[in-house]
Structure formats: C-alpha cells, structure tokens
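These values consider heavy atoms only, across backbone and side chains, with no hydrogens, waters or symmetry-generated copies.
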Amino acid sequence: QVQLLESGGGLVQAGGSRRLSCAASGLTFSNYGMGWFRQAPGKERQLIARIGWSGDNIYYTDSVKGRFTISRDNAKNTVYLQMNSLTPEDTAVYYCAARRGMVLTTGAAYWGQGTQVTVSS
C-alpha cells in the first residue's frame, strides 16, 4: 500500500520560510517522479513543483519560481519543498504526489493527505 505522509505545515508570518517534507512508503521511490500541488480556498488544485526520479527535470510554476525549492533524498524516500519569502497568497493545503516517471500538471497516481500552510500578513 502506497503512502505519502506530508509534514511541516503550519502558521508562518509573511516573509518567513517553511520546509515541507513528504515521506513515501510502499513504492520503489527512485522509480517515481514526485511533485507538490497546492489548493487554496475556492481554487483548483495546482501543480507548483515537480522533480524527476533522479533529481533532474525540475519544474516550478511561475508564482513560486525563485522562492521555492524542491529536492529529494532517495535514500530516505523523502521529497522536500523549501518555501521562502512566503506571502498570504501562498496560503493553501499542500499535497505531495507521486507518479511513475513524472508527475503531470493534470495529476498523479498517488497523493498525500495534505498539510495546511497559512501565511499571515
């Protein structure tokens, strides 16, 4: 059974930083592309960052470029999202996702339960 367990969400002030982690189990992690989506209230879930199985093929949506960094540690079966210079517009539920090969902008095969990030002004 595949499980993706996010952690690191919480309340942060504008301008602050937060690091999300997603620990994967039940799959051969190094065969999977990983990604982070987010869903703000009243909005659709959106892919904001993804990373290939070997750590390459990194993509960021424009709104997080230069502020967020995705990385992975295949030895720990974990993917990270370092978020800097946070703004209230980054407030959302953040979801970890996995798909063999590469996570797509349209979705993924496996999802975490989500972790809330709230940025106060």
Side-chain heavy atoms nearer than 4.5 Å, only ILVMFWY residues, links allowed to pass through others: does that put [X] and [Y] together?
X     : Y     : result
Ile58 : Val64 : yes
Leu11 : Leu86 : no
Tyr32 : Val2  : yes
Ile70 : Val93 : no

Atom [atom1] of [X] and atom [atom2] of [Y]: how far apart are they, to the nearest 0.5 Å?
X     : Y      : atom1 : atom2 : value
Tyr95 : Gln113 : OH    : CD    : 9.0 Å
Thr78 : Met34  : OG1   : CE    : 9.0 Å
Ile48 : Met83  : CD1   : CE    : 7.5 Å
Ile51 : Leu81  : CD1   : CG    : 10.5 Å
Ser21 : Arg72  : OG    : CZ    : 14.0 Å
Thr28 : Trp53  : OG1   : CH2   : 12.5 Å

Item to complete: Verify, without hydrogens or angle tests, whether Glu6 (side chain) and Cys96 (backbone) share a donor-acceptor contact under 3.5 angstrom.
Response: yes
Discussion item. Between Thr91 (side chain only) and Val119 (backbone N and O only), is there a donor and an acceptor less than 3.5 Å apart?
Written reply: yes
Worksheet item: Run the side chain to side chain contact (heavy atoms under 4.5 Å, CB included) check on Asp90 and Arg67 step by step: do they pass?
Response: CA-CA 11 Å; Asp90 295 313; Arg67 300 188 300 122; 2.8 Å; yes
Fill in: Ring-face cation of Arg18 near Tyr94 (centre distance under 6.0 Å, axis angle within 45°)
no
Worksheet item: Would Leu27 and Arg100 satisfy side chain to side chain contact (heavy atoms under 4.5 Å, CB included), going step by step from the backbone distance to the final call?
Response: CA-CA 10 Å; Leu27 51 74; Arg100 184 179 287 271; over 6 Å; no
Quick check: closest heavy atoms across [X] and [Y], and the distance to 0.1 Å?
X     : Y      : answer
Ser30 : Asn74  : CB-ND2, 3.9 Å
Asn84 : Ser17  : OD1-OG, 2.9 Å
Trp36 : Leu47  : O-CD1, 3.6 Å
Ala98 : Ala108 : O-CB, 3.4 Å
Tyr60 : Lys65  : O-CE, 3.2 Å
Leu4  : Ala24  : CD2-CB, 3.5 Å

Fill in: Full working for side chain to side chain contact (heavy atoms under 4.5 Å, CB included) between Tyr80 and Asp73
CA-CA 8 Å; Tyr80 304 96; Asp73 185 338; 4.1 Å; yes
Fill in: Side-chain heavy-atom pair Tyr59, Val103 within 4.5 angstrom cut-off
no
